[in-house]
Asks: 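Just dropping this structure here.
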Amino acid sequence: MNKKQKNNLIRCIIALILVVALSIAFHFIEVPWWIELPTFLIPYFVVGYDVLLRAFKNIRNGQVFDECFLMTIATVGAIATGEYREGVAVMLFYQIGELFQSIAVGKSRKNIADLMDICPEIANVFHEDGTITEEDPDDVEIGSIIVVNPGERVPIDGIIIEGDTSLDTSALTGESVPRAAHPDDEIISGCISLTGMIKIKTTKQFEDSTVSKILEMVENSSMRKAQAENFISKFAKYYTPIVCYSALALFLLPPVVRLILGMPGNWTDWLMRALTFLVISCPCAVVISVPLSFFGGIGCASSRGILVKGSNYLEALADTDTIVFDKTGTLTKGVFEVQEIYTNGDVSRDYLLERAANAESSSNHPIAESILRAYKYEFGNEINYNLIYDAEEIAGHGVSIKFREIPDGVIESVDKENTSGKEAHFKIYAGNIRLMKKMGVTVPEEHDEGTVVYVAESYHSVSSDDEVEPDNNVKYLGCIVIADELKSTSRDAMQGLSKQGIKTIMLTGDSDKAAKLVAEKVGVSQYKSELLPGDKVEEVEKLLDNQKGTDSKRKRLAFVGDGINDAPVLARADIGIAMGAMGSDAAIEAADIVLMDDDPSKIALAMKISRKTLKIVKQNITFAIAVKVLCLLLGALGIANMWIAIFADVGVMVIAVLNATRTLNIRVR
């Protein structure tokens, strides 16, 4: 407990002791009201002075109808009618309920607070002269070298350039097992270096780093309310004044009617009924427990490496029946490796690989990077970018470049202005089978072992300063087969979703054969292949239209992706789920839920957390409203006294709050 909670607990204990002592004393000793009243006012003000002050300030500010106003009117009214013990008891148990609520909220904030603690206050910047200075992470520029010692958090995203260590990523991913990290590995901020000192070259500014993005998501999550929360807010707004006027009517109308009928008014009796009605009607149980349930659910998800940007997305996830997946980087690791090289005719293996590497040199796609790695491994040198110009990316098809080839022994490097008459020009094409068909290239044999990059070239002869137009005969050189390894949890993810009755669909730009192979291995319900980025949006649009149907409450559709080309689809789907570790910034920004460890099996976990959270919310709403309606009727009929009213208010609130805290530790099998 914090200091404020401890003070409130002490006040409640003192007030309870005083009430019990005074009740026992006055049971044996009869005293006049002018002695009994002041003595009971002591514990009343000890435990309730802050409620009275809040009620007074709210009335002064025009915010009359709230729980402080209800408690003030009810307790002051009870004391005014001589029910001193009941008046103090109402205030005492109300404060005990508030204390329970405060402790529960504090507990639910702990997971979020632990997550917020991932932000280091300093960065150790390494300088060329060997010195190290402590600087604010906001002031560290891209390309700086920072040092992270054992036990320290990584302040900014970057690449390890020196040192080996193991990383504690539990605050980000919920994974307790340390992960090894070595030079050339990417590292994200918020991790803790456990075993060794490492030097990191920063690749982002602090405001764009992973830890900063997480803090922004968490801070903004409370602003996006679920429909249940919005309903409760509107409910409380209209409910409280209605019950206040109803209590006033309960106090005035029956006595007036009785007087008209010639019977005694019994004003005191009806006043107690009205005050009991007010205590029962306090909406604390529902108003507190519903947001607390969602907050606990978000905290539970965050402790498992699932960042939910708002309770509205947690609620929508429970209504999801279709999840659409991207393939590369989502169901697969996105780390491609060259598996096979098939040449055409008299083309050599080295020639084909060199041509493909030059073509892909301007692309940062994982497929391009795998070909460049293979080229570097085979030839041991880097691409000569002086030979390459007019690089063009053909969306959904591949790439093309123009390439200068210098005869052996002429010059080592190329200067664009002084190479006329000494070079041959080629236009190189590298891409999928659609690119070959577009260029009119005949491919003798198509391959289906994995992702296939087909390579072709056209020759430009140059004999003077003027370039001769290329001939129309584009020569097919061969193809390179690249494999992308499946994530170990992808199949588990599909099985977990299938058990929950979720339909799974995979959309990919890859060939139909490669897509079919992955779909069969992971077990998706259906797949669609050879899609351009715009085609994915169209497919999701069709699925959304099909889901509208005639039902008043439409089921939701979620899309899971990681690349920058997935951002439009993530934004268009009902719920966008992005991979946080390998995903692009644009995808993470467009998504509503982020998986910090790129584990697709966490989606099934998130859905279980969502559904159990909604179940607890509905339990609290049903229980609280049912008990209050019953007790309100009993109170109006004079059957329920002030002690039943205390249970209907404080007892129900405590039960609802305790039930809401179950969302913090949702157990999923």
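Computed from a prediction, not measured in an experiment: that's the story for all the values here.
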Asks: List the steps, then state whether salt bridge (charged side-chain N to carboxylate O under 4.0 Å, His left out) holds for Lys487 with Asp599.
Replies: CA-CA 8 Å; Lys487 290 181 179 177; Asp599 182 356; over 6 Å; no
Asks: Taking atom types as modelled, is there a side-chain donor on Ser601 or Asp492 under 3.5 Å from an acceptor on the other?
Replies: no
Asks: For the backbone of His397 and the side chain of Arg434, can you confirm whether one donor and one acceptor N or O come within less than 3.5 Å of each other?
Replies: no
Asks: Please round to the nearest 0.5 Å and tell me the distance separating atom CG of Leu477 and atom OH of Tyr454.
Replies: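 Nearest 0.5 Å value for the CG-OH distance: 14.0 Å.
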Asks: Just so I know, are the side chains of Leu435 and Ile394 near enough to count as touching, which here means a heavy-atom distance under 4.5 Å?
Replies: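 They are in side-chain contact.
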Asks: Would Asp157 and Lys204 count as a salt bridge (charged side-chain N to carboxylate O under 4.0 Å, His left out) if you check the C-alpha gap in whole Å, the side-chain angles of each, and the deciding distance to 0.1 Å?
Replies: CA-CA 6 Å; Asp157 294 6; Lys204 295 180 181 179; 3.6 Å; yes
Asks: Regarding Thr165 and Ser193, do their side chains bring together a donor and an acceptor under 3.5 Å, going by distance alone?
Replies: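 Yes, Ser193 and Thr165 have a side-chain donor paired with an acceptor closer than 3.5 Å.
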Asks: Between Ile192 and Leu167, is any pair of side-chain heavy atoms under 4.5 Å apart?
Replies: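 Counting from C-beta outward, Ile192 and Leu167 never come under 4.5 Å.
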Asks: Just wondering, do Ile603 and Phe325 contact through their side chains at under 4.5 Å, heavy atoms?
Replies: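 Yes, their side chains come closer than 4.5 Å.
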Asks: Is there a side chain to side chain contact (heavy atoms under 4.5 Å, CB included) between Glu337 and Arg373? Walk through the geometry before answering.
Replies: CA-CA 8 Å; Glu337 296 294 340; Arg373 281 197 303 272; 3.4 Å; yes
Asks: So does Ala515 get a backbone contact from the side chain of Ser529, meaning a donor-acceptor N/O pair under 3.5 Å?
Replies: no
Asks: May I ask you to decide if Lys327's main-chain N or O and Thr330's side chain share a donor-acceptor pair within less than 3.5 Å?
Replies: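 A pair under 3.5 Å: no.
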Asks: Please check if atom CG in Asp390 has more than 12 non-hydrogen atoms from other residues, nucleotides or ligands closer than 6.0 Å.
Replies: yes
Asks: Determine yes or no for a side-chain-to-main-chain donor-acceptor pair under 3.5 angstrom, with Asp562 supplying the side chain and Met579 the backbone.
Replies: no
Asks: Closest heavy-atom contact between Tyr375 and Ile383?
Replies: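 That would be CE2-CD1, 3.4 Å.
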Asks: Show the numbers, then the answer: is there a side chain to side chain contact (heavy atoms under 4.5 Å, CB included) between Phe379 and Asp350?
Replies: CA-CA 9 Å; Phe379 294 94; Asp350 288 351; 3.7 Å; yes
Asks: What heavy-atom pair brings Ile609 and Cys300 nearest, and what distance separates the two atoms?
Replies: CD1-SG, 4.0 Å
Asks: If we only count heavy atoms from C-beta on, is the Val560 to Val324 side-chain gap below 4.5 Å?
Replies: no
Asks: Hey, are the side chains of Ile198 and Asp164 touching, using non-hydrogen atoms and a 4.5 Å cut-off?
Replies: no
Asks: Are the side chain of Thr332 and the backbone of Leu486 linked by a donor-acceptor contact shorter than 3.5 Å?
Replies: no
Asks: Indicate the atoms forming the closest heavy-atom contact of Glu360 with Ala430, along with that distance.
Replies: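 Distance-wise, the nearest heavy atoms are OE2-CB, 3.9 Å.
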Asks: Rounded to the nearest 0.5 Å, what separates atom CD in Glu369 from atom CD1 in Ile482?
Replies: 11.0 Å
Asks: Please check: side-chain N/O of Asn358 versus main-chain N/O of Ser361, any donor-acceptor pairing under 3.5 Å?
Replies: no
Asks: Would you compute the distance between atom CZ of Phe403 and atom CD1 of Ile428 and round it to the nearest 0.5 angstrom?
Replies: 5.5 Å
Asks: Rounded to the nearest 0.5 Å, what's the gap from CG on Leu331 to OG1 on Thr508? Could you check?
Replies: 9.5 Å
Asks: Answer yes or no: is there an ion pair linking Asp168 with Arg179, defined by an N-O contact shorter than 4.0 Å?
Replies: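 No, no charged N to carboxylate O under 4.0 Å.
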Asks: Decide side chain to side chain contact (heavy atoms under 4.5 Å, CB included) for Ile433 and Val452; before the verdict, give the C-alpha distance in whole Å, the side-chain angles of both, and the deciding distance to 0.1 Å.
Replies: CA-CA 8 Å; Ile433 194 67; Val452 184; over 6 Å; no
Asks: What I want to check is whether the side chains of Glu457 and Tyr351 have a donor and an acceptor closer together than 3.5 Å.
Replies: yes
Asks: Minimum heavy-atom separation for Thr663 to Ser293, with atom names?
Replies: OG1-O, 3.2 Å
Asks: Could you tell me whether Arg355 sits above the aromatic face of Phe426, with NZ or CZ closer than 6.0 angstrom to the six-membered ring centre and within 45 degrees of the axis?
Replies: yes
Asks: Are there more than 12 heavy atoms of other residues, nucleotides or ligands under 6.0 Å from atom CD of Glu141?
Replies: no
Asks: Tell me whether Gln500 contacts the main-chain N or O of Leu497 through its side chain, where contact means a donor paired with an acceptor under 3.5 Å.
Replies: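 No, because the side chain of Gln500 does not come within donor-acceptor range (under 3.5 Å) of the backbone of Leu497.
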Asks: Do Val524 and Ile505 pass the side chain to side chain contact (heavy atoms under 4.5 Å, CB included) test, and can you show the C-alpha distance, the side-chain angles, and the key distance before you say yes or no?
Replies: CA-CA 6 Å; Val524 294; Ile505 301 171; over 6 Å; no
Asks: Where do Glu539 and Leu531 come nearest, in terms of heavy atoms and distance?
Replies: CG-CD1, 4.2 Å
Asks: Give, for atom CZ of Arg491 and atom CD of Glu520, the distance between the pair rounded to the nearest 0.5 Å.
Replies: 10.5 Å
Asks: For Tyr429, is there any backbone N or O sitting under 3.5 Å from a side-chain donor or acceptor partner on Ser400?
Replies: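 Such a contact is absent between Ser400 side chain and Tyr429 backbone.
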Asks: Nearest 0.5 Å, please: how far is CG in Leu314 from OG1 in Thr613?
Replies: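 Thr613 OG1 to Leu314 CG: 5.0 Å, rounded to 0.5 Å.
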Asks: When you compare the side chain of Asp512 with that of Tyr527, does any pair of heavy atoms fall below 4.5 Å?
Replies: yes
Asks: Can you find a heavy atom in the side chain of Ile323 that is under 4.5 Å from one in the side chain of Met607?
Replies: yes
Asks: Which atom names give the shortest non-hydrogen contact between Val540 and Leu507, and what distance separates them?
Replies: CG2-CD1, 4.3 Å
Asks: If we only count heavy atoms from C-beta on, is the Val154 to Ile188 side-chain gap below 4.5 Å?
Replies: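 Heavy-atom side-chain distance check fails, nothing below 4.5 Å.
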Asks: Are the side chain of Lys309 and the backbone of Ala591 linked by a donor-acceptor contact shorter than 3.5 Å?
Replies: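 A pair under 3.5 Å: yes.
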Asks: Between the main-chain N or O of Ala391 and the side-chain N or O of Lys402, is there a donor-acceptor pair closer than 3.5 Å?
Replies: no
Asks: Answer yes if the side chains of Asn124 and Glu135 hold a donor-acceptor pair under 3.5 Å, and no otherwise.
Replies: no
